[in-house]
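In what follows, a single structure is set out as structure tokens and then discussed.
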Amino acid sequence: MWRACGFKLNVQRTRADVHVHLQTSIVPSLRTMSSNALEIRAKLAAFSTCELSDALIKLGTPHGGHIPDIRMFSPSDPNTRLCGPAYTVQMVLGSDKTAPKLSAHFVDIAPEGSVVVVNAPHRLKNAVWGGLMTAGAQARGALGVIISGRCRDLAEHRAASFPVFARGHSTLGQSPFTRPSEVNVPVVIRPFDVSEEDFAPVEVTPGDWMVADEDGVVCVPTRLAEEAIALAAKGREVDERCMEDIKAGNGVQVTFKKHRGK
């Protein structure tokens with residue numbers, strides 16, 4: 001298991017607004033993560049996002065766990081790979097007076113050993129993550145952040161060598177455009193430029209395994225992690241044999257049929 005600072009959400013409604021009160025429950029920290037979870041994390045981190053997406057497609061997911069159009073802004077090292085359990089943050093429009101409000105800053109309660117996953121409203125031009133948030137998340141032991149939205153203060157993230165993956169960047173901060181509303185809730189991340197019929201949205205549940213590298217971002221549901229690892233390992237072996245034959249001068253079609261069966 002992993003430390004989520006485990007939050008139960010009690011929603012207390014007032015006439016003016018809605019406040020979300022966070023109560024700590026008993027969830028092990030990174031230091032007390034089960035040996036099975038540590039093993040899964042280590043195995044997932046050994047595979048590229050491409051290998052994991054291929055495995056998830058074989059397991060029947062319509063999107064291969066891929067969250068499109070998110071790329072790495074920090075650090076500058078192309079060999080960076082981020083891997084850890086999701087701590088989710090749902091953003092809403094700043095003008096939304098009915099959505100819940102947090103009683104604490106979401107960075108202050110970022111779980112040790114987690115990957116912060118921020119889901120912002122579509123098509124806004126402001127950032128929802130900046131250098132001060134990276135400093136706070138890093139101080140609390142978060143591993144990195146994945147943002148369906150924009151970031152800013154790129155130099156500060158890179159100076160801290162903190163992994164930041166986002167759809168884009170901006171000079172604008174959160175206020176008055178957006179605000180955090182809920183944490184540790186399932187978030188549905190939709191593609192921006194195609195219909196859901198053409199590319200299914202990805203639901204990220206708190207604790208799902210997030211893997212991100214220079215190729216992109218993949219969400220591996222906890223229930224599929226072990227199967228995905230086994231299939232990714234098998235796929236790597238097949239691709240290694242394909243690479244060997246293709247480099248030796250064999251045709252791609254013949255090689256695929258030989259090793260992939262198609």
Side-chain angles (χ1 to χ4, degrees), residues 1-2 30 33-86 113-117 143-146 148 161-167 189 191 199-262:
M1 296 294 293
W2 62 287
L30 179 64
M33 183 183 286
S34 73
S35 58
N36 183 57
L38 287 170
E39 183 179 2
I40 288 174
R41 180 184 174 197
K43 288 180 177 180
L44 285 171
F47 293 106
S48 71
T49 52
C50 298
E51 291 171 317
L52 292 172
S53 272
D54 287 348
L56 289 169
I57 287 290
K58 291 172 183 174
L59 288 171
T61 65
H63 40 55
H66 176 55
I67 302 176
D69 305 320
I70 295 180
R71 62 188 180 92
M72 183 168 64
F73 284 92
S74 172
S76 301
D77 182 1
N79 296 314
T80 297
R81 182 167 298 145
L82 175 63
C83 181
S114 68
V115 174
V116 184
V117 179
L143 301 177
V145 63
I146 295 168
S148 180
S161 296
F162 190 74
V164 176
F165 292 78
R167 292 189 185 272
I189 302 179
F199 193 89
V202 177
E203 180 173 327
V204 180
T205 299
D208 281 347
W209 295 100
M210 304 303 299
V211 185
D213 57 22
E214 63 176 343
D215 282 312
V217 175
V218 170
C219 172
V220 181
T222 53
R223 62 184 175 82
L224 297 179
E226 294 188 4
E227 291 179 277
I229 289 167
L231 285 172
K234 183 178 179 180
R236 176 176 288 182
E237 292 175 2
V238 170
D239 282 355
E240 286 173 350
R241 292 196 293 270
C242 288
M243 183 66 76
E244 183 178 349
D245 283 4
I246 291 169
K247 284 184 174 180
N250 295 317
V252 173
Q253 183 175 353
V254 170
T255 299
F256 280 8
K257 186 174 182 180
K258 176 182 177 182
H259 295 296
R260 292 184 172 182
K262 61 179 179 180

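No hydrogens, no waters, no symmetry mates; every other heavy atom, side chains included, goes into these values. Given the structure is predicted, the values throughout are model-derived calculations rather than measurements. The chain is numbered in sequence order, starting from 1.
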Worksheet item: Quick one: side chain to side chain contact (heavy atoms under 4.5 Å, CB included) partners of Glu214, sequence neighbours excluded?
Response: Met72, Pro78

Discussion item. I'd like to check the salt bridge (Lys or Arg N to Asp or Glu O under 4.0 Å) partners of Asp239; sequence neighbours left out, ordered by chain and number.
Written reply: Arg260

Worksheet entry | Within 6.0 Å of CD in Glu244, more than 12 heavy atoms from elsewhere | no

Discussion item. Is there a side-chain contact (heavy atoms from CB on, under 4.5 Å) between Leu224 and Thr61? Walk through the geometry before answering.
Written reply: CA-CA 10 Å; Leu224 297 179; Thr61 65; 3.9 Å; yes

Worksheet entry | Shortest non-hydrogen contact between Arg41 and Leu143, atoms and distance | NH2-CD1, 3.1 Å

Worksheet item: Residues two or more places apart in sequence or in another chain: which of them pass side-chain hydrogen bond (donor to acceptor under 3.5 Å, both in side chains) with Arg71?
Response: none

Practice prompt. Determine whether Ile67 and Met210 make a side-chain contact, defined as any pair of heavy atoms from C-beta on separated by less than 4.5 Å.
Written response: yes

Fill in: Cys219 and Trp209, any side-chain heavy atoms less than 4.5 Å apart
no

Worksheet entry | Shortest non-hydrogen contact from Cys83 toward Leu44 | SG-CB, 3.9 Å

Practice prompt. Taking Asn250 for its side chain and Asp245 for its backbone only, find out whether a donor-acceptor pair lies under 3.5 Å.
Written response: yes

Practice prompt. Keeping the roles fixed (side chain from Ser34, backbone from Ala37), state whether a donor-acceptor pair exists under 3.5 Å.
Written response: yes

Practice prompt. Would you check if Val117 and Ile189 make a side-chain contact, meaning some heavy-atom pair closer than 4.5 Å?
Written response: yes

Item to complete: Identify the heavy atoms of Ala212 and Val217 that sit nearest to each other, and give their distance.
Response: CB-CG2, 3.8 Å

Response to the item:
Quick note, salt bridge (Lys or Arg N to Asp or Glu O under 4.0 Å) partners involving residues 74-85, not counting sequence neighbours, are Arg81-Asp213

Worksheet item: Which residue pairs pass the ring pair (Phe, Tyr, Trp, His ring centres under 6.0 Å) test when at least one of the two sits in residues 37-67, sequence neighbours left out?
Response: none

Worksheet item: Val211 and Thr49: which non-hydrogen atoms are nearest, and at how many Å?
Response: O-CG2, 3.5 Å

Under 3.5 Å, which donor-acceptor pairs link side chains of residues 51-59 to any protein atom two or more places apart or in another chain?
from: Glu51; atom 1: OE1; to: Ser48; atom 2: N; distance (Å): 2.9
from: Glu51; atom 1: OE1; to: Ser48; atom 2: OG; distance (Å): 3.4
from: Glu51; atom 1: OE1; to: Arg236; atom 2: NH2; distance (Å): 2.8
from: Glu51; atom 1: OE2; to: Arg236; atom 2: NE; distance (Å): 2.8
from: Glu51; atom 1: OE2; to: Arg236; atom 2: NH2; distance (Å): 3.4
from: Ser53; atom 1: OG; to: Gly64; atom 2: O; distance (Å): 2.9

Item to complete: Taking all non-hydrogen atoms of both residues into account, name the closest pair between Pro201 and Pro191 and its distance.
Response: CA-CD, 4.2 Å

Worksheet item: If we only count heavy atoms from C-beta on, is the Leu82 to Ile146 side-chain gap below 4.5 Å?
Response: yes

Worksheet, complete the sentence: Across all chains, not counting sequence neighbours, the side chain to side chain contact (heavy atoms under 4.5 Å, CB included) partners of Ser161 are none

Worksheet item: Can you list the residues that meet the side-chain hydrogen bond (donor to acceptor under 3.5 Å, both in side chains) rule with Glu39, with sequence neighbours excluded?
Response: Lys43

Worksheet entry | Residue list, side chain to side chain contact (heavy atoms under 4.5 Å, CB included) with Arg223, at least two apart or on another chain | Pro221

Worksheet, complete the sentence: Between Gly113 and Pro85 the two heavy atoms that sit nearest each other are O-CD, 3.3 Å

Worksheet item: Got a sec, which residues hit side-chain hydrogen bond (donor to acceptor under 3.5 Å, both in side chains) with Lys257, two or more places apart in sequence or on another chain?
Response: none

Worksheet item: With sequence neighbours excluded, what pairs up with Glu226 under the side chain to side chain contact (heavy atoms under 4.5 Å, CB included) test?
Response: Asn36, Ile40

Discussion item. Could you work out, with side-chain hydrogen bond (donor to acceptor under 3.5 Å, both in side chains) as the rule, every residue matching Ser148, not counting sequence neighbours?
Written reply: Arg167

